[in-house]
Amino acid sequence: MPGLGTLADAPAIARIVHSATGEDPDDMRIAGRGQTSIGWRVDAPGGPYCVVVAIPPEARHERYHDEPTNYAARHAVLTALANLDAGTARPIATAATIEGSDPADGRWDWSVTTWTQGAPTTGAITDTVATELGRFLATLHSIPTEGFGWLEDTATAIRGTEST
C-alpha cells in the first residue's frame, strides 16, 4: 500500500509523548486504526496516554484522502468537556498547541490525551448506560459554540465553519 513507510513509528510516538508530557514511555502499542488516524496506547509514569496520529493522505483509501483530522478542534471540545467534568479523556497537547518545536517535524498531525478505557457493549443497552449517555450528550450540547457544520480546526474555540 502506498505511503505505509510514511506512518509514524514507535520512536516518533515516544518523541511526541516526551514533548507533550515530559515523560519517557515505558510501553507503547497500537490501539486501533481508523480511516484517517492511528491510535496508540502509551504507558508512562503519569499515564497511560492516548496518542492519535494522522495517516498521511497517500496511505489512506482514496475516499478519505482529503478528510480533515481536526485534532485542534477535538482538543477544544475535550477541553470544554474536561472543564465540565464530563468524565472524558483529558486533552494534553496537539501539534497545534505544543510549545516549542513540533516533535513530529510537521510530518503528521497528532494529539495526546489521557487514556480512557472503554468497554464494548455485548448486548442490549441497559437503562444505566442509556441514562449516562443522555447525561453526556446533554453536557456536550451545553457547550457554547459558534457557527454550524464542520468545526474550524482551532484549539481556542468551538466554532463551525458555516454561518447557517
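Note that the structure is predicted; figures quoted are calculated from it, not measured.
Side chains of Pro11 and Ile13 form no contact here, defined as non-hydrogen atoms less than 4.5 Å apart. Contact of the Ser142 side chain with the Leu84 side chain is registered, since non-hydrogen atoms from C-beta on lie closer than 4.5 Å. No side-chain heavy atom of Thr69 sits less than 4.5 Å from a side-chain heavy atom of Asp153. Residues Thr88 and Leu78 are in side-chain contact: their nearest non-hydrogen atoms beyond the backbone lie under 4.5 Å apart. At least one side-chain heavy atom of Val17 sits under 4.5 Å from a side-chain heavy atom of Val42. Residues Gln35 and His61 have side chains in contact (heavy-atom distance under 4.5 Å, counting atoms from C-beta outward).
Sorted by first and then second residue, the salt bridge (charged side-chain N to carboxylate O under 4.0 Å, His left out) pairs involving residues 35-57 (not counting sequence neighbours) are Arg29-Asp43, Arg41-Asp43. For the salt bridge (charged side-chain N to carboxylate O under 4.0 Å, His left out) condition, the pairs that include at least one residue of residues 139-152, sequence neighbours left out, are Glu146-Arg159, Glu152-Arg159.
The cluster map of Ile, Leu, Val, Met, Phe, Trp and Tyr, joined by side-chain heavy atoms under 4.5 Å apart, puts Ile30 and Trp115 in different clusters. Criterion: ILVMFWY side-chain heavy atoms under 4.5 Å apart, direct or through other members. Under it, Val77 and Leu133 are part of a common hydrophobic cluster. Linking Ile, Leu, Val, Met, Phe, Trp and Tyr whenever their side-chain heavy atoms come within less than 4.5 Å puts Ile38 and Val51 in one cluster.
Separation of atoms CD1 (Ile16) and CE (Met28) is listed at 10.0 Å; rounding is to 0.5 Å. The structure places OG1 of Thr161 at 11.5 Å from CZ of Phe148, a figure rounded to the nearest 0.5 Å. A distance of 6.0 Å separates OH in Tyr71 from CG in Asp109, rounded to the nearest 0.5 Å. Ile98 CD1 to Ser19 OG: the interatomic distance, rounded to the nearest 0.5 Å, is 3.5 Å. Between the CZ atom of Arg90 and the SG atom of Cys50 there is a distance of 15.0 Å, given to the nearest 0.5 Å. Interatomic distance, CD1 of Ile158 versus CG of Leu81, reported as 7.5 Å (0.5 Å rounding).
Taking all atoms of both residues into account, the shortest heavy-atom contact from Ala155 to Ala76 is O-CB, 3.6 Å. Scanning all heavy atoms of the two residues, the minimum distance from Trp108 to Ala54 falls at CD1-O, 3.8 Å. Residues Thr79 and Pro91 come closest through the heavy atom pair OG1-CG, 3.3 Å. Here the shortest heavy-atom pairing between Ile125 and Val129 reads CG2-CG1, 3.7 Å. Between Thr113 and Ser111 the shortest heavy-atom distance is CG2-OG, 4.1 Å. In terms of heavy-atom proximity, Val52 sits nearest to Ser37 at CG1-CB, 3.6 Å.
Every residue two or more places apart in sequence or in another chain that forms a side chain to side chain donor-acceptor pair (under 3.5 Å) with Thr156 is listed here: Thr154. Applying the side chain to side chain donor-acceptor pair (under 3.5 Å) rule to Glu23 yields the partners Tyr49; only residues at least two apart in sequence or on another chain are considered. With sequence neighbours left out, the side chain to side chain donor-acceptor pair (under 3.5 Å) criterion links Asp26 to no other residue. The side chain to side chain donor-acceptor pair (under 3.5 Å) check on His18 picks up Asp24, with sequence neighbours excluded.
Other residues, nucleotides and ligands contribute over 12 non-hydrogen atoms within 6.0 Å of the CG atom of Asp27. In the displayed structure, Asp66 atom CG is contacted under 6.0 Å by at most 12 heavy atoms of other residues, nucleotides or ligands.
Side-chain N or O atoms of Asn70 include none that pairs as donor or acceptor with a backbone N or O of Ala73 at under 3.5 Å. At distances below 3.5 Å, not a single donor-acceptor pair connects side-chain atoms of Thr97 with backbone N or O atoms of Ala93.
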Take Asp102 and Trp110 through the side-chain hydrogen bond (donor to acceptor under 3.5 Å, both in side chains) test and state the conclusion after the steps. CA-CA 10 Å; Asp102 179 358; Trp110 55 267; 3.0 Å; yes
